[in-house]
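Everything below concerns the one structure shown next.
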Amino acid sequence: MSDAGVSTEPITIAVLGGGTVGAEVVRQIGAQEADFASRVGAPLQITGVAVRDAAKSRPGIDPSLLTTEPLALASSGADIVVEVMGGIETARECILAAMAAGSSVVTANKALLAADGASLYAAAAQYGVDLYFEASVAGAIPLLRPLRESLAGDRVLAVLGIVNGTTNFILSQMDERGADYADVLREAQDLGYAEADPTADVEGHDAAAKAAILAELAFHTRVTGSQVSCEGISAVTLADVEAARQMGFVIKLLAVAERAFDAEGNDEGVIVRVHPAMVPREHPLASVRDAFNAVFVVAESAGEMMFYGRGAGGQPTASAVLGDVIAAARNRVAGGLGPGESVYAELPVLPLERATTRYYVNLDVADRPGVLATIAQAFADNGVSIQVVRQDGHGEDAGLVLRTHKATDGALARTIESLSGMDAVKQVVGVMRVEGEAGP
Ligand code: NAP
Ligand code: HSE
């Protein structure tokens, strides 16, 4: 030990990935060397950085650390392996090899955690190492540690939020300056927000993986990405954005994880979904712009909480990764371990048709007497109550915009099926869920 209580024996760190996030992690470990050593009680020493292309210029990274052999680096027995490569197969192989070699693992890889978190947790328990993944959901925002540790004495009822920076950036730019979808997506890629394959962002898979991780931690129940009902924003048009604006709403890609109860208040299961939704402009989520994320957590005793911050980008994400690195390093120094998996509740994951929300329905209709009554009857027949109806245009150009009270997804789907078969309805132009309004 030195005079300042810092061990001279370093905590060694192998970094798999030197891209947007990895490069920033490496730079910060160098830039904050003395502070990190004091916070941990030992210096942090990077033993290698795995990349695909070792010849690429990487400012701030010592070229002698670069390797194109991630598995060898992962298996080298470093105290901590940081996995920020992304992808599934190589990342899983490397993480499992790292744990088998006795390394604690910090990862930002929500896709892998949502696909096969169980294997990673099992290996962490088997080899007595830490598995931390704060950066995997909502970038810089401290969210998983509060769910896993601070709220461990409460019962979480629902988690609802904006957890994908790329899509929030795109939707914000479409709303604020009528920007073209493809142009803004390119901008989000240039800013380092998007995944290597941005389809994961725009089709909702990235948000679905995050929703699965949040649901698992919130409800102590294993949830995989494939159990999350998922719809992205690629079908959202400027016309939808404009229609939302005219009604006082803004469109957001929401991730929702909620408990479902029976009439007696007993737990029936959980529902986890990702989809675009209209949110009232006065709702706090409506003001979450650009690549920012925000997550509402509703817990039985604590009530409503909102976590807000930067959800993507190299520096914000590196902040969360480094928080985990310091936690794992402190555990090494103290000789302890962080919390493991908690899935004892084993609640069933229920289908989307059990979800209850409000809807916006836009119909292209024939403008003649009796049409509105016929359409209203289709809603009534399926148990869906109408809240507001507005007719736009007349004659051949007539359009009906309806908003419903709360109904199940199943009831709304059956209503849309009936409407689609009617002579009076030329086209179902748009259907979108409405979230964040109080009342029935
Ligand atoms: P990225 O910029 O594409 O960087 C990936 C890095 O991994 C690159 O350095 C790449 O090498 C290296 N790599 C990939 N496959 C490899 C392989 N098979 N062997 C060796 N090296 C390999 O990705 P990123 O944006 O940093 O994201 C990394 C991870 O963090 C992903 O899991 C992502 O989902 C997650 N994440 C990202 C953000 C964000 O805002 N970017 C936020 C939260 C979480 P080359 O440089 O040679 O190509
Ligand atoms: N592609 C992700 C996003 C990165 O846009 O939110 C952060 O996880």
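When a ligand or atom number is given, it counts from 1 through the structure's own listing order.
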Checklist entry - Can you tell me the protein heavy atom closest to atom 8 (O) of ligand 2 and the distance? => result Lys110 NZ, 2.5 Å
Next on the checklist: Can you confirm, on distance only, whether ligand 1 has an N/O atom lying under 3.5 Å from any N/O atom belonging to Gly192?
Outcome noted: yes
Checklist entry - Passes ring pair (Phe, Tyr, Trp, His ring centres under 6.0 Å), Tyr359 versus His405? Steps please. => result CA-CA 7 Å; Tyr359 299 87; His405 286 292; over 10 Å; no
Checklist entry - Does any N or O atom in Gly311 lie less than 3.5 angstrom from one in ligand 1, N or O only? => result no
Item to check | Which of the ligand 2 atoms, numbered from 1, are nearer than 4.0 Å to a heavy atom of Asn164 | outcome: 2 (C), 3 (C), 5 (O), 6 (O)
Checklist entry - Which atoms from ligand 2 have a heavy atom of Ala194 less than 4.0 Å away? => result 1 (N)
Next on the checklist: Please compare Glu24, Lys210, Arg52 and report which has the shortest non-hydrogen distance to atom 14 (C) of ligand 1.
Outcome noted: Arg52
Next on the checklist: Any protein heavy-atom neighbour for atom 23 (O) of ligand 1 (distance below 4.0 angstrom)?
Outcome noted: no
Checklist entry - Hey, which of Ile251, Leu171, Leu254 is the one that makes side-chain contact (heavy atoms from CB on, under 4.5 Å) with Pro276? => result Ile251
Item to check | Polar contact flag, side-chain donor to acceptor under 3.5 angstrom, Arg52-Thr68 | outcome: no
Checklist entry - Would you say the side-chain atoms of Asn109 and Thr107 include a donor-acceptor pair closer than 3.5 Å? => result no
Next on the checklist: Hydrogens and angles aside, do Tyr181 and Asp183 bring a side-chain donor and acceptor to less than 3.5 Å of each other?
Outcome noted: no
Item to check | For Glu195, atoms of ligand 2 separated by under 4.0 Å from a heavy atom | outcome: 1 (N), 2 (C), 4 (C)
Next on the checklist: With side chain to side chain donor-acceptor pair (under 3.5 Å) as the test, pick out the partner of Arg222 among Glu216, Glu341, Glu346, Gln227.
Outcome noted: Glu341
Checklist entry - Which bit of Pro70 gets closer than 4.0 Å to ligand 1, counting heavy atoms only: side chain, backbone, both or neither? => result side chain
Checklist entry - Taking the six-membered ring for Trp, are Tyr308 and Phe292 parallel (under 30°), tilted (30 to 60°) or perpendicular (over 60°)? => result parallel
Item to check | Options Glu195, Glu93, Arg58, Met85, ranked by nearest heavy atom to atom 45 (P) of ligand 1, top entry | outcome: Arg58
Next on the checklist: Using a plain distance cutoff, I'd like to know if Thr90 has any nitrogen or oxygen under 3.5 Å from a nitrogen or oxygen of ligand 1.
Outcome noted: no
Checklist entry - Got the closest protein heavy atom to atom 12 (C) of ligand 1, with its distance? => result Gly17 CA, 3.9 Å
Checklist outcome for this item: for atom 7 (C) of ligand 2, nearest protein heavy atom and its distance come out as Gly311 O, 3.3 Å
Next on the checklist: Give the atom numbers and elements of ligand 1 that come within less than 4.0 Å of a heavy atom of Gly313.
Outcome noted: 39 (C), 40 (O)
Checklist entry - Just to confirm, does any protein heavy atom lie below 4.0 Å from atom 40 (O) of ligand 1? => result yes
Checklist entry - Among all protein non-hydrogen atoms, which one is nearest to atom 6 (O) of ligand 2, and what is the separation to 0.1 Å? => result Gly165 N, 2.7 Å
Checklist entry - Quick one: nearest non-hydrogen protein atom to atom 5 (O) of ligand 2, plus distance? => result Thr166 OG1, 2.6 Å
Next on the checklist: Any nitrogen or oxygen of Gly19 lying under 3.5 Å from a nitrogen or oxygen in ligand 1? Just yes or no.
Outcome noted: yes
Item to check | Check: Ser172/Asp175 side-chain N/O donor and acceptor closer than 3.5 Å | outcome: no
Item to check | Side chain, backbone, both or neither: the part of Thr317 lying under 4.0 Å from ligand 1 by heavy atom | outcome: side chain
Checklist entry - Cut-off 3.5 Å, side chains only: do Tyr132 and Asn331 have a donor facing an acceptor? => result yes
Checklist outcome for this item: Near Lys210 (heavy-atom distance under 4.0 Å), the atoms of ligand 2 are 2 (C), 3 (C), 6 (O), 7 (C), 8 (O)
Checklist entry - Does Asp206 approach ligand 2 within less than 4.0 angstrom via side chain, backbone, both or neither, non-hydrogen atoms only? => result side chain
Checklist entry - Do any N/O atoms on Val21 end up under 3.5 angstrom from N/O atoms on ligand 1? => result yes
